[in-house]
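Worksheet: the structure to be examined is printed underneath.
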Amino acid sequence: MTQDNHNNAYKFGMVIDLDKCTGCGSCMVSCMSENNVPFKEDESNKRDSITWMRVYKLTNGKSFPDTEIAYLPRPCQHCGGEGDHGHSPCVSVCPATATDYGYDTGIVSQIYTRCFGCRYCMGACPYHARYFNWWDPKWPEGMEKYLSPDVSPRMRGIVEKCSFCYHRYQAARDKAYYHGDKDHIKEEDYQTACTTACPSNAITFGDLNNPAHKVHQIVKPDPHPDPRNHHVVGKSRNPKVFRLLERLGTNPKVYYLSEREWVRKQGDHYLEGEWDKIKNHHGTTSHG
Amino acid sequence: MDSALIPEGAKRCSLPKFSIGMAIVGAVLLWGVWAMFLCWFKGLNQTNMNDYYGFALWIWADLAVIAVGGGAFFTGMLRYIFNIKELKNIINFAVIIGFICYSSALLILAIDIGQPLRGWFIFWHANIHSMLTEVAFCLSCYFAVLTIEFIPNILENRQANKVPFFHHLAHNMHGIMVIFAATGAFLSFFHQGSLGGVAGVMYGRPFAVREGLLIWPWTFFLFTWSAAAYGPSFTLLVTKMTEVITGKKLVKDNVVHLLAKISGWMIVTYIIAKIIDTIYWAYVTAPSLGFKLSHFYTDNSFYGYWILITEIVICGIVPGAILVIKSTRENPTLRLVAIILGTIGVCLNRWVMVLQIMAVPVMPFDTWALYIPSWQEVATTVLPVAYGIMLIALAYRYLPVFPQEKELNSVKPITESE
Amino acid sequence: MQSATRKKQATKVIVSSVTSKNQKHETLNFNGELYMKVDRRSFLGLGLGAVAGVAVSPVGLKLTDDSSIWTQNWPWTPVPVDGRVNYEKSVCSLCPGSCGISVRKIDNRPVKIEGLSDYPVNDGGACLHGIAGLQYLYDPARVKTPLKKNGDKFEKISWNDAIALIAEKLKGIRTEGTPEKLACITDKDQGSVSGLFRRLLETFGSSEFYTMPSLESYLELTASTFHGKGNTIAFDLENANFVLSFGAGIIEGWGSPVACFKANASRKERHAKLYQIEPRLSNTAANADKWIPVNPGTEADLALGLCAVILKNNLFDGSATINFMGGFNKFNAMLKRDYSLSKTAKITGIKASEIEKTAKMFAKAKKPVAVFGKGRGDGAQSLKELAAVHMLNCLVGNINKKGGVFVKPVSQYLNFPSQSMDRVADAGFGKNKTGSTVNQLFEKIDKSAQPLIEALFVYNANPGYNLHDSKRVKKTLDKIPFKVSFSSLLDETAMLCDIILPNHTFMERIEDVPSGAGFAKTVVGLSKPIIKPLLNTKHPGDSVILIAKALGGNVAKSFEWANYDQCLESVTSNIWSPLSKRGFVVISKGVPAYRPLVNVSFLAQNPATINAKGDYALTLIPIDNMRLINTGTASSPFAVKTVSDTVIKGKDIVVEINPLTAIGLKDKGFATLTTPLGKARVKININEGMMPGVIGMVRGLGHTFDNKYVSNIGVNINDLIGQVIEPGSGLDAAFGIKAKLVAA
Amino acid sequence: MSELENKAKNDSTISAGEKIAQKIKDDKGLGQGVILFIIAFVVCFAGSTLLFPKLLYSKKEQPFNFDHYLHVYEAGDCEACHYLREDGSFSGIPKLETCMECHVEEPLGVTDDEVVFVKEYLAKDKEIPWHVYAKQPDCVFFSHAGHIDTGARMDFNECHGPIEETKTSRTYEENRITGYSRDIWGKNIFGIKKNSWDRMKMDDCAKCHKEETGHQGYCFQCHK
Amino acid sequence: MFPFSFEWVWDIGHMIFFGGLWYAVGILSAGMIYVILKAAWDTMSESINNSGESH
């Protein structure tokens, strides 16, 4: 059991290189195909279109010809909550414990049979990573054959979200049990569907706690709380890496990487002059 | 025909006239019920809500109806705990309004959740850290208290009073109503507060988040306070409306002035606290997260500074001032203006604390989300209003709600018959 | 209070009566009034007792619990069956990229498609259309059995009857001695199935074998213009350190999409530069190191302008240019005269200093590559532009070098046995082809009074949707009396056909899938059947073999194989063993050894530049959006779901326009787009990334066939853009059309 | 549990109630009602507690009887049919191809159940539609690898009962409303468990996890 | 909601929350039971001793 795997709990996270991301959408489709996400005839109202992984289009706001755009894939951030104690914005508000924070993996679960659709978690999540089944999912006649047994298809009236392909973690643990080393999940044994699908390998997924994993080497998370904002823990020591809305103290586990300063600046809100102070911060200095 | 049921010495309109009125309101009720079944059987795609607007008109209706229903617990507390005798003439009506508000809230919640059949999971698998769990428990309990407070009034119906058991039951319940009112106040303090906490704890939403005391954000106390402040105003408003519709004077002026005075002072103290909280939030909490005040009130087609000013100044300071100063309080038109503004104020505060939270973009590259309710949502929000009107009409017709009614409307003084 | 006392007496009465008459059955013979009293109380007792009894029993709790569990297991919510997991390798043939895929199956039921990690083309990644492949396999709109047109409806027909009907029709044409009246349109001329189609036509006696315009056809055309027939061009993007792309959507589906994604992704590590020249800020332009906005349609002039700068400052590779043939000095003179720096700047709208700087950077770069083929590289291209851009490569001499442009012969890994021809076949095959491109064929059919083509085979192509001025193309197709479509979907062209022989989807077929479209290596993959065919469909190879056998005579003799599997094994005999074992064979990967000769005669004559037809103020240009398939097959529901709401909004298409040109137009508002060919209702997306004076509309929408998820959305841009045939090459080179936008 | 059935039951026992009424000399007006109340209460309570489960659970027989005892004896051990695959997933109920490792066209034994098996399924190469007693709902992920000898080394009797000694397949009972097998929600309507395999729902798993690992586990450990 | 619920943990949070809740529910139910029994008792005693109006 990983609960007592000599307390080296995992902390699965992801870093996405926005300079490599081409906005092609492979991650969106791979995620939908892997997790039995339904589709409707008209999905053009992006406010009730269920895409666990959504690719946002960012712009530097300048006018022609200096305008620039970048793409930002946004899965569920699996927030660790203030001080990384597991009180994610959504977990702390769900009235029926339909979503909880797995301290052994750092993954925020969503249980479709417990959720009764009050949608409070959707209001609490600042990343809009939670989707509600406004319609009863229906697959055209014959297409239910491609549904995967690893993820239970949902029903109308409940909230669903990215699970970091937790079923792949379950399969990896089964394999580890079978081969006798139940507490050691190899890096390549548990990779999410979007990571494996990305044609430009822009997404790197792994255990943030394990220095041997690529994601840890890129992000170099700082275990101590940030002196200027004690809610923030695990801030990246790589100046090119940032997190979305880090100042809110949600402590997301999805990091983003970009060489372009205007892209990094879109990660959070800054008052006048704040950005220049921390523009190329190295390590623990953070914005107050 | 139904004269046997009408309280002694009370003059009511003829049954046909009454039934026509009830039929009209009943039709609106049925329209709401039709929308309710649509939402239950076809699912919440009947509404215009979406993933940006998980909370919308219904949650606002919930919060607003509970806020204005605060009159029941506050008047009850004043009457039974602070022993203000004059309020016994309005406590019955306050309880009826409270009962209607809380039953409406529970009905709207039953329609609003995606899986009504699993609604009881909120009790069974309760997450005690969630404000909504606390709301669910205390709201249901307080609804029970309101039912208990409403039963004696029902049992005082002429026919019901004839059954000895009912007669004794009503009498005994009056005896220990103090305990029920105290428990009710305790429960109300928490769930009114938790409804405020629902918004205040969302640290992912800079527009909503507030610091606080221990686990309760300041909005917790502000919501209770505003419910207690504006609740009596709403009670007075509905009393005034009932008096206008029935064409009779139902409550003596000294009771109305007293309740208005209390409500006034509560509004004034609330508004001061609200202003302090807003200033602290606008200049300390939000900027610490990188948000200027203009982020929440500009470049969108609806939410502007006007909503802040209306809520605090026009519907806060003005009604407070009117109800505090004796001369303006006792001037009927000014008092009516004040209680109407007050009620609008609390509804606006609830609107802001639900819908503007959803509208404000949080991620830098996100956009404002605006939303218009669908007819089904409007119908199911009008449904409780219609049901409330019918209940008040029935109660007014068949139950002795206003003790002073006979006295105020009798042509010659008659001795106490019983 | 009187009433209370009277009531008490009444109860006393009841009690006494109960005690006195208890022998008899008391409920029966009481008189009305008394009967009423006992009955009401006992009834009350009974009812309350029953209710209390049931309430205290577990029924209530259990029903509440079970009703909630019922909502967790609604009968209409599917429950996928669990089973043994295994992975199977195959190759996706949805587009010329031909990536390797690995399919996860549960007890032989495919549930997920992913990229194959050690496949030489894509090494693990896959594009969204390949990943959503299962939605094609299980699409209920697929053609289930062969169909025969009757009036304007289709009716079912068995395979034998269909083949017999086709054979009888073709025999009719042959007996008239005009075998050349049989034509065939496919998507590419590589691969065994296209080989079979070409072989059927040739042994039948017709040389009318056409391929739809694709990057593959443009590469071969440019190669033959410069380096002689039988050559093609490939780009070693992985090793190039300066890529100058003239509108090519390197990361939007150009060439071999996933290979290009990988080459682009490693750019940062290799410190390689990408400059994108395009009127619109596409994803490629956004990801590039520099975006150079150019006036639409003037890319050729810019390329020649850059050549002029390179020649003027003699930054060209002398050793390469000395053996240029075909009038290099004439070309040189033409450049000096027509493409001086100031003239080019005026035409293209780019500052002269910018042109000069770019030309110098390109020439000085160690491994520069200039890439041509606007958008995905298919659709309408002008040979002048392709040649001008390739001229840059020739000038800097980065041909057949690592990190350069590879000019290599078209790979011939297939060895078909010799064809047996009879007199009629030789006569028909001898006649020269009606035209070199599909557009020319349709133009000739339009002009000729009596039918120039009697029978047409359409395989993997949708000319009725994918060629400019699709209304006219459909009218031309109607002029062909007998048409057979091999599509598995009832697309626009199939709906016009008389017989439909539905083929398997790429997951039900065994087939050789050669890489192409500018990919540096030549890899042949083996697409394997992941699942037994679901419907009454056949492999297109089998269909052709059956038709050939039904025709008899020399045609049947040229198709000796029993079925397609046997044919595939024999045709790819020299590579079959590695192909079948490992699933792919790398035919050639290194730098081609020989130095090709370069003939600049085409450019030397200074062919005319194409400009957009019509006299409206703005220019409408097509956009190739990675998330939509625009080659005529429908995009999958998942793919359409990922398309942004600035491209599709409800049933309407959204066009991009710069704020400066959008006077009187509201963002997200409606407008009517008018071009010389027609009108369309569109929505507006005010977009800073679009050059002023240009409107951008996505290709791949406006399908009219019956598919709830992708059809009847928006407009097919090919209805709005007309054909402009380029005199020098006969290609349809219309890069766009003049249009106007009026708020609706 | 429809009221009608209730009513039918009440009439038959009314005469018993009447005798009691006569015996008790009672001068209170309510006596009559109270007695009837008690009768109706007892009758309805007993009725609904006994009748309700019969109505709630549908009874289905297996396609043919399966003799575990014989097969364990013949095959030697359980792993012949129920085993862990290479990737740690559990094979579950064996497929026809596993049966065909021993069974051939003509029946090996004498029982007519085997005749049914050979004729109906083996010959027609049709998978046997077994009703799985321990089938968990779709939202549950259960890892056998984590519980048997590669993990917690639990004995399979704890969850499946002494199945290896059974000679006959018992009737499969399924909840008509939820579709759950009765083994999941428990044989006894009050939820009283005599032995560990009588019920296998969330609370049972939670109790064992709490004892063994000190924590009930986070939702995604057992949900998918 | 009950100690045997799945989510129940004997921590300070549960004790305060459900302590307060059960306390309030306890008062309400006790109050109601008292009132009903007393009313039943009053009705009974009134009808037995049949004395004049007792209230």
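In what follows, chains carry the letters A, B, and so on, assigned in the order in which the sequence lines appear, proteins first and then strands, with residues in each chain numbered from 1.
Within 6.0 Å of the NZ atom in D:K59, the count of heavy atoms belonging to other residues, nucleotides or ligands exceeds 12. Within 6.0 Å of atom CD in D:E97, 12 or fewer heavy atoms from other residues, nucleotides or ligands are found, so the atom counts as exposed in its surroundings. Atom CZ of D:F190 has more than 12 heavy atoms from other residues, nucleotides or ligands within 6.0 Å. The number of heavy atoms from other shown groups lying within 6.0 Å of CD (A:E141) does not exceed 12. In this structure, A:K214 places its NZ atom where only 12 or fewer heavy-atom neighbours from other residues, nucleotides or ligands lie under 6.0 Å away.
Of the residues considered (A:Q170, A:K175, A:H179, A:R114), A:Q170 shows the highest number of contacts with chain D, using heavy-atom pairs under 4.5 Å. The choice from A:I107, A:T99, A:T97, A:D100 that makes the most heavy-atom pairs within less than 4.5 Å of chain D is A:D100.
Across every non-hydrogen atom of A:P149 and D:K224, the tightest pair is O-NZ, 2.8 Å. Here the shortest heavy-atom pairing between A:S163 and D:F220 reads CB-CE1, 3.6 Å.
Within the 4.5 angstrom heavy-atom criterion, only backbone atoms of A:A171 (N, CA, C, O) approach chain D.
D:C219 contributes atom SG, which lies 10.0 Å from atom OH of A:Y166 (distance to the nearest 0.5 angstrom). D:T150 contributes atom OG1, which lies 8.0 Å from atom OH of A:Y177 (distance to the nearest 0.5 angstrom). In this structure, SG on D:C139 lies 11.5 Å from OH on A:Y112, to the nearest 0.5 angstrom.
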Passes side-chain contact (heavy atoms from CB on, under 4.5 Å), D:F141 versus A:V151? Steps please.
CA-CA 9 Å; D:F141 166 80; A:V151 183; over 6 Å; no
Give the C-alpha distance, both sets of side-chain angles, the deciding distance and a yes or no for side-chain contact (heavy atoms from CB on, under 4.5 Å) between D:Y218 and A:Y103.
CA-CA 8 Å; D:Y218 303 105; A:Y103 287 86; 3.4 Å; yes
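D:D138 and A:S152 share no side-chain donor-acceptor pair at under 3.5 Å.
Put simply, the side chain of A:T113 reaches to within 4.5 Å of the side chain of D:H223, judged on heavy atoms.
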